[in-house]
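Since the structure comes first, as structure tokens, the remarks are kept for the end.
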Amino acid sequence: MRSLGVVDEWPVEHVAVAVVGADGSVRGTHGPQDREFRLASVTKLLSAYAVLIAVEEGAVEWDQPAGPPGSTVRHLISHTSGLAFDSDTVQARPGTRRIYSNTGFSVLADTVTSSSGITFADYLTEAVFTPLGMTSSRLTGSAGAGGISTCGDLALFAAELQAPKLIAEQTLHEATGETAYPDLAGVLPGFGRQNPNDWGLGFELRHHKTPHWTGHTSSPEAFGHFGQSGTFLWVDPPAGLACVALTDRNFGEWAASAWPDFTDGVLAEAGFGASPAG
């Protein structure tokens with residue numbers, strides 16, 4: 001795909017991108033597919049998927065108490081537990097505000113560990129990485145931001161997100177196609193307050209948010225996550241595409257400017273939407 005070459009103009013030292021079709025085929029790549037990158041919050045997609053599997057296996061339940069009083073596993077995974085971004089401070093009653101929380105994902109991981117009897121890192125490896133063949137992926141820190149992976153590995157995960165083999169299609173739809181606790185406002189890191197700030201079960205939902213890190217022509221049904229380490233993964237179901245981009249420069253104005261136009265170019269080349277120029 002010619003549109004991928006624009007990443008050579010990004011102000012980064014290393015970058016790898018891949019586009020994956022709904023049938024799991026890799027439509028195009030650019031950059032080193034086997035280079036390891038820090039994922040930062042893209043890790044949350046992988047951790048959330050492990051939680052979906054844990055729920056299907058019966059290791060945890062959505063309404064299981066976890067976190068602050070009144071909070072459940074469902075609250076934690078959808079950033080509505082009331083926990084602050086990066087501390088144990090409780091800033092709201094569960095289910096009343098969308099407060100993006102790394103702490104919430106750490107509590108979520110601890111809950112899975114307690115219920116399953118194995119560390120969350122091992123659970124993630126056994127439930128997600130190994131069956132998908134993601135041999136270069138691992139969790140070296142928190143469940144919210146401590147993942148390491150390659151573009152090649154995440155392309156495998158992007159294929160799973162479009163045609164799940166590890167979970168039921170209905171479970172994936174509940175996580176990526178339905179808003180958990182609708183109509184809640186909140187801050188989308190890097191892009192300011194959004195009202196509503198819709199989220200699924202661990203997956204950020206595009207809907208009609210503006211500004212946003214996906215494309216101007218991305219469909220409202222798109223979902224995914226970006227990371228402060230300069231990474232993102234989105235899936236756009238109507239377009240039948242997913243895209244992974246990994247860099248070694250932290251998110252900033254460069255990314256907020258470059259990423260939407262890049263995505264528009266990918267979608268336009270695939271015949272979906274229109275290019276930024278029309």
Side-chain angles (χ1 to χ4, degrees), residues 1-8 10 14-37 39-50 52-53 124 128-137 147-167 169 171-173 175-177 200 202-206 213-215 217-227 230-247 258-273:
M1 299 182 68
R2 292 183 179 180
S3 57
L4 303 186
V6 73
V7 301
D8 289 334
W10 290 1
H14 298 99
V15 56
V17 295
V19 175
V20 182
D23 61 357
S25 64
V26 177
R27 301 288 184 85
T29 65
H30 194 86
Q33 298 299 294
D34 58 353
R35 180 182 177 86
E36 294 183 350
F37 291 86
L39 299 183
S41 285
V42 171
T43 305
K44 290 182 175 70
L45 298 182
L46 302 168
S47 295
Y49 216 71
L52 297 180
I53 292 172
L124 178 57
V128 181
F129 296 157
T130 297
L132 292 182
M134 299 172 65
T135 56
S136 298
S137 301
I148 302 289
S149 191
T150 65
C151 198
D153 269 16
L154 288 185
L156 297 172
F157 184 60
E160 169 71 13
L161 293 177
Q162 297 179 91
K165 298 178 181 178
L166 304 184
I167 60 175
E169 288 189 12
T171 300
L172 180 62
H173 175 73
T176 64
F203 294 78
E204 195 223 323
L205 309 183
R206 174 67 175 89
W213 55 274
T214 59
T217 58
S218 294
S219 73
E221 293 83 4
F223 61 85
H225 220 294
F226 83 91
T231 58
F232 70 72
L233 188 161
W234 56 252
V235 178
D236 197 322
L241 292 177
C243 184
V244 177
L246 305 179
T247 79
W259 289 354
D261 288 346
F262 167 77
T263 290
D264 286 338
V266 170
L267 293 173
E269 184 174 357
F272 184 86

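When a residue number appears, it is its place in the shown sequence, counting from 1. For the numbers below, each heavy atom of this structure counts, side chains included, while hydrogens, waters and symmetry mates do not.
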Atom [atom1] of [X] and atom [atom2] of [Y]: how far apart are they, to the nearest 0.5 Å?
X    : Y    : atom1 : atom2 : value
L39  : H225 : CG    : NE2   : 11.5 Å
L246 : H14  : CG    : NE2   : 13.0 Å
R27  : L4   : CZ    : CG    : 12.0 Å
T217 : L267 : OG1   : CG    : 4.5 Å
F203 : Y49  : CZ    : OH    : 7.0 Å
T176 : F223 : OG1   : CZ    : 4.0 Å

Minimum side-chain heavy-atom gap [X]-[Y] below 4.5 Å:
X    : Y    : value
S137 : F157 : no
T171 : I53  : no
L161 : L233 : yes

Which atom of [X] lies closest to which atom of [Y], heavy atoms considered:
X    : Y    : value
A16  : P32  : CB-O, 3.2 Å
V17  : A245 : CG1-CB, 3.6 Å
A18  : Q33  : CB-OE1, 3.7 Å
L166 : P131 : CD2-CB, 3.8 Å
G202 : L45  : O-CD2, 3.9 Å
A175 : L52  : CB-CD1, 3.8 Å

Does the pair V244 and V20 meet the rule for a side-chain contact (heavy atoms from CB on, under 4.5 Å), with working shown?
CA-CA 8 Å; V244 177; V20 182; 5.6 Å; no
Does the side-chain contact (heavy atoms from CB on, under 4.5 Å) test come out yes or no for D261 and V6, once each step is laid out?
CA-CA 10 Å; D261 288 346; V6 73; over 6 Å; no
Counting N and O atoms only, with roles assigned by atom type, does the side chain of E160 sit under 3.5 Å from a partner on the main chain of K165, one being a donor and the other an acceptor?
yes
Check for a donor-acceptor pair, side chain of Q162 on one end and backbone N or O of A158 on the other, with a separation under 3.5 Å.
yes
Determine whether the side chains of R206 and S218 contain a donor N or O and an acceptor N or O closer than 3.5 Å.
no
When you compare the side chains of T247 and W10, does any donor N or O come within less than 3.5 Å of an acceptor on the partner?
no
Partners meeting side-chain contact (heavy atoms from CB on, under 4.5 Å) with T150 (sequence neighbours left out)
E36, S136, D153
With sequence neighbours excluded, residues passing side-chain contact (heavy atoms from CB on, under 4.5 Å) with S219
E221, A222, D236, P238, F272
Describe, in one word, how the ring planes of F226 and W259 are oriented to each other, choosing from parallel (under 30°), tilted (30 to 60°) and perpendicular (over 60°).
perpendicular
Which residues satisfy the ring pair (Phe, Tyr, Trp, His ring centres under 6.0 Å) test with F37, sequence neighbours excluded?
none
